[in-house]
Structure formats: C-alpha cells, structure tokens
Amino acid sequence: MNRRHWLGAASAWAAAWPLAGHAQSPDSAAPRAESVAPGSLPFAEPPRPARMRVSADRIVDITVCTRPFRAEGPRIEAQRLHGKTVIHHYGHGGAGWSLSWGSATLGALPLIRETGARRIAIIGSGAVGLTTARVAQRAGLKVRIYCRERPPEVASTFATGMWSPDSRIVTEAHATPAFNAMWERMARHSFRAWQDLLGLAGSPVEWRDGYVLSDTPFDQPLPNANAHGGSTEPDYPDLLELIPDLHPHSMALTPAQHPFPVPHARRFTQMTFNIRPYQRLLLEDFFREGGEIVTRDFTHARELAGLPERTIVNCTGYGARALFGDDSLIPVRGQIARLVPQPEVDYMVAWRGHNLMVVPRRDGLLVQAQGEHDFNNPDRSIDRAMSEDAVKRLAALFV
Ligand SMILES: Cc1cc2nc3c(=O)[nH]c(=O)nc-3n(C[C@H](O)[C@H](O)[C@H](O)COP(=O)(O)OP(=O)(O)OC[C@H]3O[C@@H](n4cnc5c(N)ncnc54)[C@H](O)[C@@H]3O)c2cc1C
C-alpha cells in the first residue's frame, strides 16, 4: 500500500507526524509538525484517554461509499446545455465536506450570480448540493433541490467526518499555482465557516485530540513505505503546507504520557464533523428559508430541459459520471465500521503502519481501514472481514 495515500485519506493527520512514504523526504511535514520535546508538555499531567471497548460484536453498522475523485480537481464551470445554464459543481474527492463552504461560496456562487437568476435548481443533496443550496439561499435566491436520494441515503452520509481539505482533491501533476491558490482560498473560507458551527446543539462540529502511534520512530520510514502494493493511485500534492496556521501543533509524548503499548506517540488536535446531526441542521435551515426538495432520478441530461428553472447547479458527485458522461470521475472506495457509541471516548487514534484510523463521533466509534484496491473501485458491497480485521488490530491497543 502506498502510505502517502493512506495519509491523504487522513490528510490533516499528516500534520501530526513526518511523512514516511516515497517521493517525499521523511521530514517534509516537519515545518508544520513543530513538536515539543518529550516531557516538556505545557501541563504536567496530560489527560488519560478513556478505554475504547473494542470487539467485533460491538460493530453496529458497516458502510461503504466512493469518493468522487478527479485528477484535475473538482469541476466548477458553467455550460449551456439543453436550453439551460448548467453549473457543474462536483468531483470533490475525499474533501467534499471539508471544502463545501468555500467551494460553494467562491466557486459555484459567482457562476450562479452571472446568470442573473433569482430561482435556481440544484441537482443533488449530498455535502456539496446541500451546502450550495444554503449558500445560494443566504445570497437571497430561491432554491429547489432535485435528487434521487436525500439524507441520510446520500453517499456523503458515509464519510468519516474529518477536516481533510486536501484529501484526494487533485493529483500532484495537476496542482498548478492557479489551482493551489484557489484551493487555499476555499480551504480558508471553509475553515472560517466551520468555526461558526462550533458549540451548536447536536455538536455538528467539534475539535478533538488524537494520538498517532508508531512502532518505529517518526523520523524513520515505515518498512515497505515505498511499495505501491499494485495500486494505480497517483501521488498527491502536500497542500496543507499552504495553510500551516490552521493546524494546532502536534506534540511528541513519552511512553509515560500515554497508555498505549507502542514506543512512539504524538498527540494532535483536529476538527471533526458529526455528519448526521449536521445534515439535519443543513436540511432544517434549508426548509426554514423556503427550500423545496423534489425526488427525481435523471437518467439523461436532456431531461433537464423539462425543469422550470433556467439555472441548474449540478451537484451529483459521482453520479455525474453516468448523467453527464464524465469519465474523468474516479471512484475511490472507502469502508467504515461503526462501533457502539462511547461518549467518554473523545480522542482519535491512527496507528502508523497498521492501516488503522479511529474517529469518535456521537453516533459511534468509526473504524476505518484502507483496502489494497480502493482506488478506481466502484464496488459498494460490504467486506465485513476487512472491518473485523481492523477491529482486531485496534483491540491490540487495549489489552
Ligand atoms: C469513506 C469515506 C470517507 C470520507 N471522509 C471524508 C472526511 O472525513 N471529510 C471530508 O471532507 N470528506 C470525506 N469524504 C469525501 C466526501 O464524502 C465526498 O467528497 C462528498 O460526499 C461528495 O459529496 P457530493 O455532494 O458531491 O456527492 P453525494 O453525497 O454523492 O451526493 C450526490 C447527490 O446527487 C444525487 N444524484 C446523483 N445522480 C443523480 C441523478 N442521476 N439524478 C438525480 N439525482 C442524482 C444523489 O442522489 C445525491 O443526492 C469521504 C468519502 C469516503 C468515501
């Protein structure tokens, strides 16, 4: 497995330890890691993390969805089609939630405004469609959403829920200065918007601490770090270096400062999203401002001609591949097991080299592991054995 891809999926976690993959020096993430020396934490007794209760029988749900990835980045552009102005707004890879506010406000909204429309249609009610709808409403527009599925059935529901604005958003080869500048603006705008959602009922957004664990020192590459494991996955740029000020620093811990049976650990702080209550909040706000949702499955783009709205924003995610024939959309499979919620567990865990990541959400402990062939894999069937293996690896941390 290409470790950089794993890090990409947990993008901001890269801030917590030096990258140990190919094509990048082990120290490349060091400038933003800025860890303090072990034993010099600013407080004497760091909090002891509550014990996770980990066993396969505590899995309450396993979900699979695909990230809508495009090598050149999201498609955000207007097109005249079947007598309508269609504004494409899809292809946000593993960053759809994180970038949603910036992409809608700085990408889609200016194109909507150019049409002069006061009423618009949006196709899709995933992360991108719902947020675009809210941004358009705030700009004073009337919005009707058409979609095949609505929350919680949309693919966006099955995301991890982490601030990961750089995750599978563009390939290294396509990260031009213009793209990077736009990405940075979107990331900064989104970050600000997320801070406005802190402290609300249902905790749609929270800051969490987490531990990155390692069997080997963080400045040493992992065994087999250069192996691609047969994956065709491309390399991704290190976009987080454009926003170093948006990441609290990580801290190296001595073995006495954490309870895990591994020799190396760092503590970091990361923003997380409780997706289900957050979707509800978006929907409630959308309806309160007069929004409508119509269930509709478009089988061909020419069906758009029958809609009353003249401006249509296409937020169909991976669905754009079939509906608009966009073969540049690549599905990147992701499977997550949810364990019985443990409100006392308020920290994340990533175990370097063990293909394991855990995020505590209000609806359960999310255990994510990456499959060898997730890239360009549209298969949404559940591989329970893979999740049970990940849970077993996690259990080893709580013997
Ligand atoms: C395992 C996993 C973990 C992830 N973790 C994170 C994370 O931690 N942070 C993060 O920021 N991102 C994460 N992502 C990425 C994020 O989930 C996606 O970028 C995001 O969901 C894309 O949202 P979307 O609205 O474009 O697509 P979708 O959620 O797929 O919504 C598409 C909408 O369009 C509708 N539609 C599609 N085709 C048609 C049609 N023909 N007719 C009518 N309606 C149609 C659908 O019904 C739906 O309403 C993760 C993804 C995966 C797979």
Side-chain angles (χ1 to χ4, degrees), residues 8-13 62-70 74-76 88-104 108 121-133 145-169 186-187 190 194 205 270-275 278-279 282-283 293-301 303-304 307 312-326 329 331-338 348 357 359 361 366-371 374-375 377-378 380:
S11 65
W13 295 25
I62 300 178
T63 54
V64 179
C65 72
T66 54
R67 302 164 181 89
F69 169 68
R70 294 176 83 239
R75 184 178 182 197
I76 309 176
H88 297 290
H89 190 207
Y90 64 86
H92 293 73
W97 283 110
S98 304
L99 282 182
S100 55
W101 288 101
S103 186
I122 289 178
I123 312 179
S125 60
V128 176
L130 272 184
T131 313
T132 305
I145 291 177
Y146 298 88
C147 56
R148 187 173 52 215
E149 299 104 359
R150 59 179 78 186
E153 282 86 25
V154 292
S156 294
T157 304
F158 310 118
T160 318
M162 287 178 59
W163 168 246
S164 57
D166 63 324
S167 175
R168 293 189 175 93
I169 192 71
M186 287 180 179
S190 296
W194 287 115
V205 184
Q270 176 69 304
M271 186 165 48
T272 61
F273 315 130
N274 285 300
I275 288 178
Y278 178 55
Q279 277 173 324
L282 285 175
L283 280 172
I293 298 189
V294 176
T295 302
R296 175 94 188 249
D297 185 1
F298 297 94
T299 52
H300 194 283
E303 293 165 27
L304 302 180
L307 298 183
I312 299 166
V313 191
N314 166 27
C315 302
T316 50
Y318 185 61
R321 189 179 165 111
L323 189 57
F324 292 90
D326 185 349
L329 267 167
V332 186
R333 187 182 185 281
Q335 176 169 311
I336 295 176
R338 199 149 46 102
M348 296 175 269
M357 181 168 100
V359 177
R361 282 197 338 208
L366 269 61
V367 180
Q368 195 178 349
Q370 189 163 281
D374 285 344
F375 190 76
N377 183 354
R380 289 191 60 178

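FYI, the numbering just counts along the sequence from 1. Each ligand, and each atom within it, is numbered from 1 in the order the structure gives. Keep in mind the model is a prediction, meaning the values are calculated, not measured.
We find the NE2-CD1 distance between His88 and Ile76 to be 12.0 Å, quoted to the nearest 0.5 Å. Thr272 OG1 to Met348 CE: the interatomic distance, rounded to the nearest 0.5 Å, is 6.0 Å. Remark: Leu323 CG to Tyr318 OH distance equals 13.0 Å, nearest 0.5 Å. Rounded to the nearest 0.5 Å, atoms CG (Asp326) and CZ (Arg75) are 6.0 Å apart.
Nearest heavy-atom pair across His92 and Ile169 is O-CD1, 3.6 Å. The minimum heavy-atom distance linking Ser98 with Phe273 is given by the pair OG-CE1, 3.8 Å. What you find for Pro68 and Gly317 is that their closest heavy atoms are CB-C, 4.0 Å. Heavy atoms only, all atoms of each residue included: Ala95 and Ser164 are closest at CB-O, 3.3 Å. In terms of heavy-atom proximity, Ser125 sits nearest to Leu130 at O-CG, 3.6 Å. The two residues Leu329 and Pro331 have their closest heavy-atom pair at O-CD, 4.0 Å.
Of the candidates Gly94, Ala301, Ser167, Gly94 brings a heavy atom nearest to atom 10 (C) of ligand 1. The residue among Gln370, Glu149, Arg321 with a heavy atom at the shortest distance from atom 46 (C) of ligand 1 is Glu149. Of the listed options Pro151, Gly126, Ser156, Ser156 places a heavy atom closest to atom 21 (O) of ligand 1. For atom 14 (N) of ligand 1, the nearest non-hydrogen atom from the set Ala320, Ser103, Ala159 comes from Ala159.
In the vicinity of Gly124, heavy-atom distances shorter than 4.0 Å reach the ligand 1 atoms 33 (C), 34 (O), 35 (C), 49 (O). Near Gly334, meaning under 4.0 Å from any of its heavy atoms, are these atoms of ligand 1: 1 (C). For ligand 1 and Gly317, the ligand atoms under 4.0 Å from any heavy atom of the residue are 26 (O), 27 (O). Less than 4.0 angstrom separates some heavy atom of Leu323 from each of these atoms of ligand 1: 41 (N). Less than 4.0 angstrom separates some heavy atom of Val154 from each of these atoms of ligand 1: 48 (C), 49 (O). Those atoms of ligand 1 that come under 4.0 Å of a heavy atom in Ser98, given as number and element, are 9 (N), 10 (C), 11 (O). Within ligand 1, the atoms closer than 4.0 Å to a non-hydrogen atom of Gly93 are 15 (C), 16 (C), 18 (C), 19 (O), numbered from 1 in the order shown. Close contacts between ligand 1 and Cys65 involve ligand atoms 52 (C), 53 (C) [criterion: under 4.0 Å to a heavy atom].
On a distance-only criterion, Val128 and ligand 1 share at least one N/O pair closer than 3.5 Å. For a threshold of 3.5 Å applied to N or O pairs, the pair formed by Gly161 and ligand 1 contains at least one separation below that value. Polar contact with ligand 1: present for Phe298 (N/O pair, distance under 3.5 Å). Considering backbone and side-chain N/O of Arg148, one or more are found under 3.5 Å from N/O of ligand 1. Residue Ser125 places at least one N or O, backbone or side chain, under 3.5 Å from an N or O of ligand 1. By the 3.5 Å distance cut-off applied to N or O atoms, Ile123 is not counted among the residues near ligand 1. Backbone and side-chain nitrogen or oxygen atoms of Gln335 are examined, and none is located within less than 3.5 angstrom of a nitrogen or oxygen of ligand 1. Residue Arg150 has no nitrogen or oxygen atom sitting less than 3.5 Å from a nitrogen or oxygen atom of ligand 1, judged on distance alone. For Gln368, no nitrogen or oxygen atom sits less than 3.5 Å from a nitrogen or oxygen atom of ligand 1, counting backbone and side chain alike. The shortest N/O to N/O separation between Gly96 and ligand 1 falls below 3.5 Å.
Looking at Glu303 and Thr299, their side chains do bring a donor and an acceptor atom within 3.5 Å of each other. A donor-acceptor pair shorter than 3.5 Å cannot be found between the side chains of Thr63 and Gln335. A donor-acceptor pair shorter than 3.5 Å can be found between the side chains of Thr295 and Arg150.
The pair Asp374-Arg67 does not count as a salt bridge, with every side-chain nitrogen at least 4.0 angstrom from each carboxylate oxygen.
Residue contacts with ligand 1 for Arg296 involve N, CA, C or O but no side-chain atom from C-beta outward (heavy atoms, distance under 4.0 Å). Residue contacts with ligand 1 for Asp297 involve both N, CA, C or O and side-chain atoms from C-beta outward (heavy atoms, distance under 4.0 Å). The part of Ala95 lying near ligand 1 is the backbone, judged by heavy-atom distances below 4.0 Å. With a heavy-atom cut-off of 4.0 Å, Cys315 touches ligand 1 through its backbone alone.
By the 30° and 60° cut-offs, the orientation of the rings of Tyr146 relative to Phe298 is perpendicular.
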